[in-house]
Amino acid sequence: MTQDQVFEIVDRDGWKATPDRDLLFSSDHVLEAYFKGKDVGQRTETSLAADQISKNLQKSSELTASIFENLRNRAFHPGDTYLRIASQKFYEILITLPENEFLNDEILNVYSFLGELQQGAASDYYNIDVTLCPFSEQLNIGCLTADGFIFRYTGN
C-alpha cells in the first residue's frame with residue numbers, strides 16, 4: 001500500500017492529515033522519481049551521442065576530402081580509404097597508396113600536413129588519427145573489418 005492510499009483512508013472518519021504530509025516522500029515516491037529521471041536521462045544521452053557521432057562522421061568525411069586534395073596536389077593517388085570509430089570522439093582513417101608513392105621522399109611532407117591537420121581538428125568531442133598504408137594485393141579487407149575499419153570512404 002502506498003503512502004497516498006494510506007492518506008486517502010486517514011483523510012476520512014474523523015482524521016485529517018497535517019499540511020506537512022505534502023513534504024513527506026515514501027520510498028515508492030523516491031523510486032518512481034529515480035526511474036523516471038533515469039529513463040529521460042538515458043534517452044537524452046542516446047540522442048546526444050547519436051548527434052555527436054553524426055557530426056564527427058561528417059567532419060571525418062570533410063577531412064578525408066581535404067587529405068585527398070593535398071595528396072593529389074603532390075601527385076599521389078590515394079586508393080581505398082577506411083574509417084574506424086574507436087569511441088564516440090576518436091576516429092581513425094586508413095588511406096592506401098601505391099607502394100612506389102608510399103616509398104617516395106615526398107611522403108614526409110604529407111606526414112607533416114597530416115600532423116597539422118590532426119592537431120587542428122582536435123577538440124573535446126573529436127580526435128582523428130590518419131594512417132597511410134602501402135596498397136598491396138594481399139591487403140586483407142576481412143582483417144581490416146575485424147580491426148574495426150567497417151566504413152569505406154566513397155567520396156572523391
Side-chain angles (χ1 to χ4, degrees), residues 1-5 22-156:
M1 179 175 284
T2 68
Q3 189 174 13
D4 285 337
Q5 291 169 326
D22 293 334
L23 301 176
L24 300 175
F25 298 99
S26 70
S27 58
D28 290 339
H29 286 112
V30 173
L31 288 173
E32 182 180 342
Y34 169 79
F35 286 118
K36 239 185 231 182
K38 180 181 174 189
D39 183 49
V40 168
Q42 285 176 331
R43 280 187 273 132
T44 302
E45 182 180 352
T46 300
S47 175
L48 290 173
D51 186 47
Q52 190 61 51
I53 289 171
S54 177
K55 288 177 185 176
N56 289 347
L57 283 171
Q58 178 64 32
K59 192 169 191 174
S60 295
S61 183
E62 291 166 4
L63 289 173
T64 302
S66 175
I67 294 167
F68 272 37
E69 180 181 351
N70 185 279
L71 287 169
R72 288 181 180 130
N73 288 341
R74 297 174 191 271
F76 285 91
H77 301 89
D80 293 339
T81 300
Y82 301 93
L83 176 72
R84 175 179 179 254
I85 301 175
S87 71
Q88 184 176 332
K89 73 174 207 170
F90 188 71
Y91 294 71
E92 295 178 64
I93 297 173
L94 175 71
I95 301 173
T96 62
L97 294 170
E99 188 171 357
N100 64 329
E101 293 178 12
F102 184 76
L103 298 174
N104 185 324
D105 288 340
E106 181 65 22
I107 198 81
L108 298 175
N109 293 324
V110 172
Y111 278 116
S112 294
F113 167 76
L114 292 176
E116 291 171 11
L117 183 88
Q118 290 169 167
Q119 285 181 342
S123 74
D124 289 341
Y125 303 106
Y126 182 77
N127 281 291
I128 188 75
D129 182 47
V130 180
T131 304
L132 300 176
C133 171
F135 178 78
S136 165
E137 294 298 324
Q138 287 81 27
L139 185 65
N140 189 325
I141 305 304
C143 287
L144 285 177
T145 302
D147 285 343
F149 289 93
I150 60 172
F151 299 100
R152 185 169 179 262
Y153 183 66
T154 58
N156 296 329

How about E106 and N109: does a side-chain donor come under 3.5 Å of a side-chain acceptor?
yes
Find out whether K89 and S123 are in side-chain contact, i.e. whether some heavy atom of one side chain is under 4.5 Å from a heavy atom of the other.
no
How far does CD1 of I95 sit from CD1 of I67, to the nearest 0.5 angstrom?
4.5 Å
Under 3.5 Å donor-acceptor, Q118 side chain and V130 backbone
yes
Tell me whether the count of non-hydrogen atoms from other residues, nucleotides or ligands lying under 6.0 Å of OH in Y111 goes above 12.
yes
For D80 versus F135, what's the shortest heavy-atom pair and its separation?
OD2-CE1, 4.5 Å
List the atom of H77, the atom of P98, and the distance in Å for their closest heavy-atom pair.
O-CD, 3.2 Å
Test side-chain contact (heavy atoms from CB on, under 4.5 Å) applied to L97 and L71, step by step:
CA-CA 10 Å; L97 294 170; L71 287 169; 4.3 Å; yes
Whether Y91 side chain and Q88 backbone form a donor-acceptor pair below 3.5 Å:
yes
Quick one: do the Y82 and T96 side chains pair a donor with an acceptor below 3.5 Å?
no
Atom pair CD (Q58) and OH (Y126), whose distance is rounded to the nearest 0.5 Å:
10.5 Å
Keeping N73 on the side-chain end and E69 on the backbone end, is there a donor-acceptor pair under 3.5 Å?
yes
Shortest non-hydrogen contact from K59 toward A121
NZ-O, 3.4 Å
Please examine the side chains of L139 and L144, heavy atoms only from C-beta on, and report whether any two atoms are closer than 4.5 Å.
yes
Within a strict 4.5 Å, meaning less than it, do heavy atoms of the S66 and L117 side chains meet?
yes
Side chain to side chain, I85 and N56, heavy atoms closer than 4.5 Å
no
Under 4.5 Å between any side-chain heavy atoms of I93 and Y153, yes or no?
no
Can you measure from CG (L57) to CD (Q52) and round to the nearest 0.5 angstrom?
10.5 Å
Within-4.5 Å side-chain heavy-atom neighbours: K55 and Y125
no
Side-chain contact, heavy-atom cut-off 4.5 Å: L132 with L114?
yes
Looking only at heavy atoms, the pair that brings C133 and F102 closest together is N-CE1, 4.0 Å
Which distance, rounded to the nearest 0.5 Å, do you find between the CZ of F151 and the CD of E92?
13.0 Å
Quick check against the 3.5 Å criterion: does T64 have a side-chain atom that pairs as donor or acceptor with the backbone of S60?
yes
